[in-house]
Student: 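Just dropping this structure here.
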Amino acid sequence: MVIKFQEKQFELISKIKTTGSGAIELYVACDAFLREGPRYTVACVNDMELARKLVPVTTKNNINYTFKDFYASFNADGKYYVIFSHASGNTLQQVIESGNCNLEERLLLLKNIFAQIFLLNMPECFVYEALRKDSIVVDDALGIRFNYFFTEVDYYWKVQEKDFINRLSGLVQELFAKELEQKSSRELMKYARDLEEGRFAYLWDCYVAYDNLYELVLSKSERQELKPGRFWWRAWEWMKKIFPTVRTVLAAALILSAAAYLLFTLPNPVLSDNGITFRQIGTLNVQEQVK
């Protein structure tokens, strides 16, 4: 199938998937006149109401010219077509699962992901898409490219900075899972914790913070100074994690101990042979009845 747009013609090579509750069909395409040239992702939007919502983020008049991954958009045959560049190769998910990247390479990977996002200056909804493990494509030189598959198109108009940071937090947890588990880098541990606890307001802040720690962690790694935390360090970290639980248990034990003490030390008239004589209750004088 060939799609014509002005002097361009795109030949659909294969279908990627259907998304947007069936409203968008995604294809890999090439230039019909240059079959060995670059590949494109073609989104065929069948729902015109959805198409109208996509226009502000998928037309050259509305998108920053530096967003070079976006190629064209047009109406044809009652459908709305959006064309992006298509990246082929291993996804970040495949790279992580292979386990073949050392720490230095993984540090560079995240740095390149940040750099490419800000270099492209893409709309916010596509930043959210780009931070998916299966949307990030890694080349042999650890360069980064993105695919745009409209995976969560229904959420496009709700995307906020916190969504970027939450997704970035997940990437950091997976990229540096070994170092975080072994507690071998305090810098990475703090960075991961700050992301998880929402201490950054913007994605740019996350980039600046990472850029500051990148050289330090890289240098320590090259000098082989990153080692699993010692026993006392791990024990202290473990104690900090369980402290809230221990505090609750101790408080409950203290209350129970106090109750038991009162129960067994205060005199009980019912159980005592001698009992207790009350001479006055409030303003009422009690007199003992003589038999």
Side-chain angles (χ1 to χ4, degrees), residues 16-17 19-21 24 26 41 43 53-54 57-58 63-64 67 69-70 84-87 89-99 101 103 105-139 142-181 185 187-214 217:
I16 301 172
K17 63 179 178 178
T19 188
S21 302
I24 303 176
L26 294 164
T41 298
K53 294 173 70 176
L54 285 171
V57 292
T58 56
I63 295 179
N64 193 298
F67 186 25
D69 281 356
F70 171 73
F84 289 96
S85 63
H86 182 82
N90 290 327
T91 65
L92 180 63
Q93 181 172 359
Q94 292 170 322
V95 171
I96 292 173
E97 290 174 352
S98 72
C101 287
L103 176 58
E105 291 170 328
R106 285 179 280 126
L107 286 167
L108 181 59
L109 271 176
L110 185 56
K111 188 177 179 69
N112 289 343
I113 290 170
F114 272 125
Q116 189 70 352
I117 285 175
F118 289 110
L119 177 67
L120 288 171
N121 195 20
M122 63 186 75
E124 291 183 344
C125 57
F126 292 117
V127 175
Y128 186 62
E129 288 281 6
L131 286 169
R132 293 174 57 88
K133 292 181 297 182
D134 51 355
S135 295
I136 300 171
V137 178
V138 182
D139 64 25
L142 302 183
I144 297 296
R145 292 184 64 195
F146 301 112
N147 280 319
Y148 307 90
F149 292 153
F150 295 84
T151 306
E152 298 182 57
V153 66
D154 296 332
Y155 194 70
Y156 273 15
W157 299 272
K158 303 176 185 177
V159 172
Q160 300 177 26
E161 286 283 342
K162 65 179 182 180
D163 298 312
F164 305 153
I165 296 171
N166 288 339
R167 187 153 282 180
L168 174 64
S169 177
L171 290 180
V172 169
Q173 291 289 340
E174 293 200 52
L175 272 171
F176 306 111
K178 179 181 178 181
E179 290 72 26
L180 296 176
E181 181 180 356
S185 170
E187 295 82 8
L188 284 175
M189 289 172 58
K190 182 180 184 305
Y191 185 68
R193 186 166 59 247
D194 288 346
L195 286 172
E196 191 174 8
E197 295 176 358
R199 295 183 181 177
F200 298 110
Y202 300 99
L203 188 62
W204 177 258
D205 299 333
C206 303
Y207 180 33
V208 171
Y210 182 75
D211 197 47
N212 290 335
L213 71 84
Y214 172 78
V217 178

Student: List the steps, then state whether side chain to side chain contact (heavy atoms under 4.5 Å, CB included) holds for Gln173 with Glu196.
Tutor: CA-CA 9 Å; Gln173 291 289 340; Glu196 191 174 8; 3.9 Å; yes
Student: Quick one: list whatever passes side-chain hydrogen bond (donor to acceptor under 3.5 Å, both in side chains) with Arg106, sequence neighbours left out.
Tutor: Glu179
Student: Can you label the angle between the His86 ring and the Phe149 ring as parallel, tilted or perpendicular, going by 30° and 60°?
Tutor: tilted
Student: Please check this pair: side chain of Gln94 against backbone of Thr91, looking for a donor-acceptor N/O pair closer than 3.5 Å.
Tutor: yes
Student: Not counting sequence neighbours, which residues clear ring-ring contact (aromatic ring centres under 6.0 Å, His included) with Tyr155? List them please.
Tutor: Tyr128
Student: How far apart are the C-alpha atoms of Val127 and Val159, what are their side-chain angles, what is the distance that settles it, and do they pass the side chain to side chain contact (heavy atoms under 4.5 Å, CB included) test?
Tutor: CA-CA 9 Å; Val127 175; Val159 172; over 6 Å; no
Student: Within this structure, what is the CZ-SG distance for the pair Arg199 and Cys206, rounded to the nearest 0.5 Å?
Tutor: 13.0 Å
Student: Any heavy-atom pair between the side chains of Leu171 and Leu92 that's under 4.5 Å?
Tutor: yes
Student: CZ of Phe114 to CG of Leu119: how many Å apart, nearest 0.5 Å?
Tutor: 14.5 Å
Student: Is it true that a side-chain atom of Asn147 and a backbone atom of Val137 form a donor plus acceptor pair closer than 3.5 Å?
Tutor: no
Student: Measuring from Arg145:CZ to Ile136:CD1, what's the distance to the nearest 0.5 Å?
Tutor: 13.5 Å
Student: Is there a donor-acceptor contact under 3.5 Å from the side chain of Glu124 to the main chain of Gln160?
Tutor: no
Student: Indicate the ring-plane relationship of Tyr210 and Tyr214, choosing parallel, tilted or perpendicular according to the 30° and 60° boundaries.
Tutor: tilted
Student: Pick from Val95, Leu180, Leu110, Leu103: which one makes a side-chain contact (heavy atoms from CB on, under 4.5 Å) with Leu175?
Tutor: Leu110
Student: Work out which heavy atom in Phe164 is nearest to a heavy atom in Leu131; give both atom names and the distance.
Tutor: O-CD1, 3.7 Å
Student: Between the side chain of Thr41 and the main-chain N/O of Tyr148, is any donor-acceptor distance below 3.5 Å?
Tutor: no
Student: Just by modelled atom types, is the Glu152 backbone N or O under 3.5 Å from a matching donor or acceptor in the Glu129 side chain?
Tutor: yes
Student: What is the minimum heavy-atom distance between Leu109 and Cys101, and which atoms define it?
Tutor: CD1-SG, 4.4 Å
Student: Take Tyr207 and Ile117 through the side chain to side chain contact (heavy atoms under 4.5 Å, CB included) test and state the conclusion after the steps.
Tutor: CA-CA 10 Å; Tyr207 180 33; Ile117 285 175; over 6 Å; no
Student: Please check if atom OH in Tyr202 has more than 12 non-hydrogen atoms from other residues, nucleotides or ligands closer than 6.0 Å.
Tutor: no
Student: Atom NZ of residue position Lys17 - does it have more than 12 heavy atoms of other residues, nucleotides or ligands inside 6.0 Å?
Tutor: yes
Student: Search all heavy atoms of Ser21 against all heavy atoms of Asp154 and return the closest pair with its distance.
Tutor: OG-OD2, 3.9 Å
Student: Assess whether atom CD of Glu181 is packed by more than 12 heavy atoms of other residues, nucleotides or ligands within 6.0 Å.
Tutor: no
Student: When the ring planes of Phe84 and Phe67 are compared, do they come out parallel, tilted or perpendicular, using 30° and 60° as the limits?
Tutor: tilted
Student: Would you call Arg167 and Asp163 a salt bridge, using N to O less than 4.0 angstrom?
Tutor: no
Student: Which is it for Tyr156 and Lys53 under the side chain to side chain contact (heavy atoms under 4.5 Å, CB included) test, yes or no, and what are the steps along the way?
Tutor: CA-CA 10 Å; Tyr156 273 15; Lys53 294 173 70 176; over 6 Å; no
Student: What distance do Asp69 atom CG and Gln116 atom CD have between them, rounded to the nearest 0.5 Å?
Tutor: 7.0 Å
Student: For Ser185 versus Leu188, what's the shortest heavy-atom pair and its separation?
Tutor: OG-N, 3.2 Å
Student: Please give me the minimum heavy-atom distance between Glu161 and Leu203, naming the atom from each residue.
Tutor: OE1-N, 2.9 Å
Student: Look up atom CG in Leu120 and atom CD1 in Ile144, then write down how far apart they are to the nearest 0.5 Å.
Tutor: 11.5 Å
Student: Quick one: pull up CE in Met189 and CZ in Arg193 and give me the separation to the nearest 0.5 Å.
Tutor: 6.0 Å
